[in-house]
Amino acid sequence: MENEITKAVEILKSAKKVTVLTGAGVSAESNVPTFRGKEGLWKKYRAEELATPEAFKRNPELVWEWYGYRQKLVLGCDPNPAHEVIARMEKYFDDFMLITQNVDGLHERARSKKILELHGNLFKARCTVGRMIIDFTLGDDPLPKCESCGALIRPHIVWFGESLDPMIIQLAVEHSEKCDTFLVIGTSALVQPASSLPLMAKRSSAKVIEINPDSTPITRYVDVSIRGKAGEVLPRIWEKAGIEKVLLKRNE
Ligand code: OAD
């Protein structure tokens, strides 16, 4: 692993335009469960009963119960050193974008600002009729309604079978194609279109660095594959690259 870390450090030292894609693995060390691992959520729960438009039509109360449960779970977790290093990166590189598949809001809590949330956010909801998006945490009402029109509101999450926001995906593609360095961290790379972003970056001549304890379908295409935990590997890379010192000087 040392060799790979050294390679990643060299790439980052000369990087100018950096794009990062994260998945559930970046929050694993914050104790937020991933989806597909041994203890993954989709091993215990059936996605088609909880995370599809049909499920919401059939049983909105059950779907809200599931999202209320996940909101509570995440509220009991804190960002970890991986979230923190990613937030520092955005202050250092002038051209930076974080693309996340995560809906847990931990990147925002670590103070990331340049962020594209591909799959929505657990703490947002929208009206099923008017489409207005609001900040929302489930309270006592098991079937929350829109304050302005009284219609049901739904979690602001991209469910299975739904399309991503075209504006967000367009920006994600642009940042994947224009960067010189692309980091892909903590994703099984099994869900489209997110999983094709690192390959788009590669085709546009970016160096692609993957951080994941396991191999994924994209591992064989990346330039550097670091088999380790994001919360341990990222702080080591950051420290070795010596970038933090430059950043501190710049802010003096
Ligand atoms: P997955 O649960 O599919 O994959 C998590 C990945 O994180 C796996 O490849 C693990 O090996 C890796 N991992 C585990 N611990 C890690 C650590 N400490 N550091 C780094 N990596 C670690 O999660 P995603 O790829 O994010 O969709 O799943 C994609 C989408 O599928 C999610 O956004 C979600 C789900 O259905 C929605 O919520 C719409």
Side-chain angles (χ1 to χ4, degrees), residues 1 4-5 8 20-53 55-56 63 66-67 69-71 73-74 77-86 98-107 110 115-126 154-165 168-169 172 183-199 209-220 222 224-237:
M1 184 159 86
E4 300 304 300
I5 288 188
V20 178
L21 171 69
T22 61
V26 84
S27 296
E29 288 152 90
S30 295
N31 294 322
V32 179
T34 60
F35 292 94
R36 297 182 179 76
K38 247 190 281 152
E39 304 285 315
L41 290 172
W42 297 148
K43 288 272 154 64
K44 287 196 221 150
Y45 302 97
R46 290 165 60 87
E48 56 273 31
E49 281 169 14
L50 300 166
T52 63
F56 190 70
V63 172
W66 158 249
Y67 284 98
Y69 156 75
R70 286 180 55 203
Q71 285 179 337
L73 195 154
V74 165
C77 301
D78 292 311
N80 68 56
H83 298 106
E84 279 152 22
V85 168
I86 294 168
L98 166 61
I99 306 167
T100 188
Q101 298 168 85
N102 297 349
V103 296
D104 58 27
L106 288 181
H107 282 301
I115 171 165
L116 297 171
E117 290 180 321
L118 290 180
H119 294 162
N121 188 303
L122 263 184
F123 298 95
K124 290 195 171 130
R126 68 174 185 264
R154 57 159 281 178
H156 185 53
I157 299 280
V158 179
W159 284 327
F160 288 100
E162 292 186 317
S163 310
L164 273 63
D165 181 328
I168 294 183
I169 190 66
L183 283 100
V184 47
I185 307 170
T187 175
S188 59
L190 290 170
V191 173
Q192 286 287 1
S195 56
S196 56
L197 297 173
L199 303 178
I209 302 168
E210 181 178 54
I211 302 175
N212 196 315
D214 291 330
S215 68
T216 73
I218 61 159
T219 302
R220 62 197 176 111
V222 305
V224 184
S225 157
I226 304 174
R227 298 282 174 92
K229 293 183 174 178
E232 292 169 9
V233 168
L234 272 172
R236 286 185 56 202
I237 293 179

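One-based numbering, in listed order, for ligands and for the atoms of each. Just so it is clear, the model here is predicted, and its values are computed rather than measured.
- Defined by atom type and a distance below 3.5 Å, a donor-acceptor pair is present between the side-chain atoms of Glu210 and Thr216.
- Asp104 contributes atom CG, which lies 12.0 Å from atom CD of Gln71 (distance to the nearest 0.5 angstrom).
- A salt bridge does not link Arg227 with Glu232: every distance from a Lys NZ or Arg NE/NH1/NH2 to an Asp or Glu carboxylate oxygen is 4.0 Å or more.
- More than 12 non-hydrogen atoms from other residues, nucleotides or ligands lie less than 6.0 angstrom from CD of Gln192.
- With hydrogens and angles disregarded, a donor-acceptor distance shorter than 3.5 Å links the side chain of Asn121 to the backbone of Phe123.
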- Query: Checking side-chain hydrogen bond (donor to acceptor under 3.5 Å, both in side chains) for the pair Thr22/Gln101: CA distance, chi angles, key distance, verdict?
  - Reply: CA-CA 6 Å; Thr22 61; Gln101 298 168 85; over 6 Å; no
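- Ligand 1 lies under 4.0 Å from heavy atoms of Gly23, Ala24, Gly25, Ala28, Glu29, Thr34, Phe35, Arg36, Trp42, Gln101, His119, Val158, Phe160, Gly186, Thr187, Ser188, Val191, Asn212, Pro213, Asp214, Lys229, Ala230.
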